[in-house]
**Student:** 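Structure incoming, see below.
Chain naming here is simple, since letters A, B, ... match the order of the sequence lines and numbering starts at 1 in each. Note that the structure is predicted; figures quoted are calculated from it, not measured. Below, all heavy atoms of this structure are taken into account, side chains as well, without hydrogens, waters or symmetry copies.
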There are 2 protein chains.
Amino acid sequence: MPNPPAVPSTPGLELQRGEAASGGLSSPAFSPLYRQIKGLIIQRLQAGAWKAGEAIPSEMELAASFGVSQGTVRKAIDELAAENLLVRRQGKGTFVATHAEQKQQYRFLRLMPDEDQEPGLGRQLLDCRRQRAPAWIARQLQMRAGDAMVEVRRLLHSKGRPVVLDDIWLPGSLFKGLTTELLNQHRGPFYGLFESEFGVQMIRAQEKIRAVAADAETAALLQVEVGAPLLSVERLSFTYGDRPVELRRGLYNTSTHFYRNDLN
Amino acid sequence: MPNPPAVPSTPGLELQRGEAASGGLSSPAFSPLYRQIKGLIIQRLQAGAWKAGEAIPSEMELAASFGVSQGTVRKAIDELAAENLLVRRQGKGTFVATHAEQKQQYRFLRLMPDEDQEPGLGRQLLDCRRQRAPAWIARQLQMRAGDAMVEVRRLLHSKGRPVVLDDIWLPGSLFKGLTTELLNQHRGPFYGLFESEFGVQMIRAQEKIRAVAADAETAALLQVEVGAPLLSVERLSFTYGDRPVELRRGLYNTSTHFYRNDLN
DNA sequence: GAGTGGTCTAGACCACCAC
DNA sequence: TGGTGGTCTAGACCACTCA
């Protein structure tokens with residue numbers, strides 16, 4: 001007997017099940033059960049119900065609490081896993097994705113070394129200061145011009161030679177205790193620190209890539225000629241709910257490395 | 001009663017079902033039924049059983065012919081649809097993906113106009129000739145140096161100004177009748193022509209992106225200064241079975257356009 | 001109305017992991 | 001041994017398309 005009236009076992013949880021004998025015109029924007037479940041799970045992630053790296057309840061538990069079958073929960077989790085919000089591990093459970101404990105650090109960095117180069121990049125923090133956001137940054141981070149903002153500048157090295165110059169801009173309201181010391185103490189990618197210290201998880205990002213000529217300052221920092229061609233990678237990163245929380249502009253010296261992209 | 005011994009209704013089709021009472025050590029590289037089905041469907045695509053844009057048999061038909069349930073076929077098709085090899089259309093059927101009848105042409109081109117620019121690019125064929133493959137191209141296309149190769153050169157324009165200079169290299173053996181006339185007659189993306197005229201479908205691609213300085217020849221063609229920074233996009237495209245069948249190097253003028261990439 | 005993909009359920013069994 | 005995710009089945013019903 002499919003689709004019994006279903007008393008939700010968690011009160012306050014209202015899932016919109018398919019109309020039984022309505023007029024036929026189904027309400028606009030009705031989504032299938034598994035998508036509603038998916039949305040509820042995202043809400044809980046956003047609310048911080050489970051931290052990065054932690055296990056979420058088992059499929060059976062979730063199914064019981066939502067009052068649906070395991071298969072429906074499974075399909076919701078399938079999509080979340082496909083979007084890299086969750087990670088499934090057979091026999092163990094389903095976990096909140098994290099940037100911290102990843103095998104290859106730098107989940108979003110697409111820079112690869114040429115064949116003869118060694119992988120791995122060293123970091124050098126140049127600067128970390130609090131500023132007022134200029135208009136073009138504020139617009140992209142959905143803040144007001146003049147709002148508090150943290151600006152970080154750093155270099156990435158390969159075999160002692162600078163390869164990447166990053167400028168990173170963050171909303172000051174979300175990253176209150178971010179200091180040079182904290183950044184220097186920390187091992188691993190920044191995004192791991194953002195998760196553990198500030199509870200901000202980067203879920204997806206958009207990059208705009210251009211070729212630009214090095215100006216005097218960047219030429220000195222990257223040890224290239226003024227006017228040398230550099231890859232400009234402008235990245236806007238988002239948390240849950242498509243909220244932009246980081247703007248980053250990287251200048252890559254692509255003489256010994258390249259940006260790799262896979263198209264499907 | 002799950003997993004009955006199952007007499008395959010199509011002779012010659014041997015699916016490896018899970019061991020019933022074997023020693024416990026399952027054979028190496030056993031894959032679930034739906035993956036085997038997926039592999040069989042890919043084989044048929046590769047063999048040209050269905051052309052680009054055509055419908056494949058319904059899920060019920062496939063399930064019957066493979067001797068499995070509809071759900072198993074469905075999961076196989078789900079993955080193929082996620083990889084953009086197939087396209088599902090509710091109420092109509094499942095179709096072989098094609099570059100020809102796509103809404104936004106240029107499925108693999110990630111170049112976007114800046115806000116104030118109009119979308120859409122005009123094409124101008126510069127050259128199409130048959131050559132012997134140099135070593136560095138032959139290696140990537142898995143051919144031998146000196147093998148027959150087709151070389152195409154073209155420009156893409158936006159509002160009358162050149163934006164992209166493409167060099168395209170193709171194995172001569174696969175593209176025998178490719179001529180300047182054929183390319184000029186054809187409307188829509190090259191990949192549509194490759195499908196319809198040569199039965200070659202581009203499934204996925206890898207791009208290596210760098211910033212380079214314009215040399216004299218490209219500067220003239222793209223109407224920029226010599227030494228101006230350009231985006232170099234080297235794309236290797238693959239058909240079924242991960243066979244590389246096209247190498248392309250695009251030089252993009254990114255002063256009014258940018259390369260867009262989404263990270264998950 | 002017949003046929004297609006899309007959703008949802010219920011139940012069985014398997015593979016992997018930890019205790 | 002029990003719990004987790006992973007696979008497979010069978011059947012019901014829904015939503016969409018087209019003749």
**Student:** Taking the six-membered ring of B:Phe95, is NZ or CZ of B:Arg89 closer than 6.0 Å to its centre and within 45° of its axis?
**Tutor:**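 Yes, B:Arg89 sits over the ring of B:Phe95.
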**Student:** Roughly, in whole Å, what's the span from CD in B:Gln70 to C1' in C:dG6?
**Tutor:** 9 Å
**Student:** Does a nitrogen or oxygen in the side chain of B:Arg89 sit under 4.0 Å from OP1 or OP2 of D:dC16?
**Tutor:** no
**Student:** Rounded to the Å, how far apart are B:Met60 CE and D:dC13 P?
**Tutor:**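 It is 14 Å, rounded to the nearest whole Å.
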**Student:** Picking from B:Val164, B:Leu156, B:Val233, what satisfies side-chain contact (heavy atoms from CB on, under 4.5 Å) with B:Leu109?
**Tutor:** B:Leu156
**Student:** From the set D:dT9, C:dC17, C:dA15, return the single nucleotide nearest to any side-chain atom of A:Lys92.
**Tutor:**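 Out of D:dT9, C:dC17, C:dA15, the nucleotide with an atom closest to A:Lys92's side chain is C:dC17.
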**Student:** The side chain of B:Glu59 lies closest to which of these nucleotides: D:dG6, C:dT9, C:dG6?
**Tutor:** C:dG6
**Student:** What about A:Phe175 and A:Phe194, are their ring centers closer than 6.0 Å?
**Tutor:**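 Yes, ring centres under 6.0 Å apart.
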**Student:** How many Å lie between CG on B:Asp78 and P on D:dT7, as a whole number?
**Tutor:** 12 Å
**Student:** Hey, are B:Arg110 and B:Glu207 close enough for a salt bridge, meaning a charged N less than 4.0 Å from a carboxylate O?
**Tutor:**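 No, this pair does not count.
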**Student:** Just checking, B:Arg248 and B:Phe108: is the charged tip under 6.0 Å from the six-membered ring centre and within 45° of the axis?
**Tutor:**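 No cation-pi geometry.
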**Student:** By nearest atom, which of the nucleotides C:dA10, C:dT7, C:dT4 is closest to the B:Arg74 side chain?
**Tutor:**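 Of the options given, the side chain of B:Arg74 lies nearest C:dT7.
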**Student:** Take the protein atom CZ of A:Arg88 and the nucleotide atom P of C:dC17, then report the distance between them rounded to whole Å.
**Tutor:**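 Interatomic distance, CZ of A:Arg88 to P of C:dC17: 16 Å.
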**Student:** Given C:dT4, D:dT9, C:dC8, which nucleotide is nearest the side-chain atoms of B:Val68?
**Tutor:** D:dT9
**Student:** What is the distance, rounded to the nearest whole Å, between atom OH of B:Tyr34 and atom P of D:dG6?
**Tutor:** 9 Å
**Student:** Tell me: CZ of B:Phe95 to P of C:dT4, nearest whole Å?
**Tutor:** 11 Å
**Student:** Between A:Ser58 and D:dG3, is there a side-chain N or O to OP1/OP2 distance below 4.0 Å?
**Tutor:** no
**Student:** Between A:Ser158 and A:Glu118, does any side-chain donor sit less than 3.5 Å from a side-chain acceptor?
**Tutor:**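 Judged by distance alone, the side chains do not pair up.
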**Student:** Give each stem of DNA chain C as a range with a range, requiring at least 3 consecutive Watson-Crick or G-U wobble pairs whose two distances are under 3.5 Å.
**Tutor:**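 The stems that DNA chain C takes part in, listed by first number, are C:1-18 with D:1-18.
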**Student:** Would one find a side-chain N or O of A:Lys75 under 4.0 angstrom from OP1 or OP2 of C:dT7?
**Tutor:**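 Yes, because at least one side-chain N or O of A:Lys75 sits under 4.0 Å from OP1 or OP2 of C:dT7.
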**Student:** Please collect all salt bridge (Lys or Arg N to Asp or Glu O under 4.0 Å) contacts where either partner lies in residues 59-73 of chain B, sequence neighbours excluded, each pair once.
**Tutor:**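 Applying salt bridge (Lys or Arg N to Asp or Glu O under 4.0 Å) to every pair that reaches into residues 59-73 of chain B, excluding sequence neighbours, yields B:Glu59-B:Arg74, B:Glu59-B:Arg88.
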**Student:** Answer yes or no: is there an ion pair linking B:Glu83 with B:Arg204, defined by an N-O contact shorter than 4.0 Å?
**Tutor:** no
**Student:** Considering only C:dT9, D:dT9, D:dG6, which nucleotide approaches the side chain of A:Ser69 most closely?
**Tutor:** C:dT9
**Student:** Look at the side chain of A:Thr72 and decide which nucleotide, out of D:dC16, C:dT9, D:dA10, has an atom nearest to it.
**Tutor:**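 When the side chain of A:Thr72 is considered, C:dT9 is the closest of D:dC16, C:dT9, D:dA10.
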**Student:** Taking only N and O in the side chain of B:Thr94, is any of them less than 4.0 Å away from OP1 or OP2 of C:dG5?
**Tutor:**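 So the side-chain polar atoms of B:Thr94 do come within 4.0 Å of the phosphate oxygens OP1 or OP2 of C:dG5, strictly under.
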**Student:** Whole-Å distance between C:dA2 P and B:Glu61 CD?
**Tutor:** 17 Å
**Student:** Nearest whole angstrom, please: distance from the P of D:dA10 to the CG of B:Leu33.
**Tutor:**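 Result: 12 Å.
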**Student:** If you check every side-chain atom of A:Gln90, which of C:dC16, C:dT7, C:dT9 has the closest atom?
**Tutor:** C:dC16
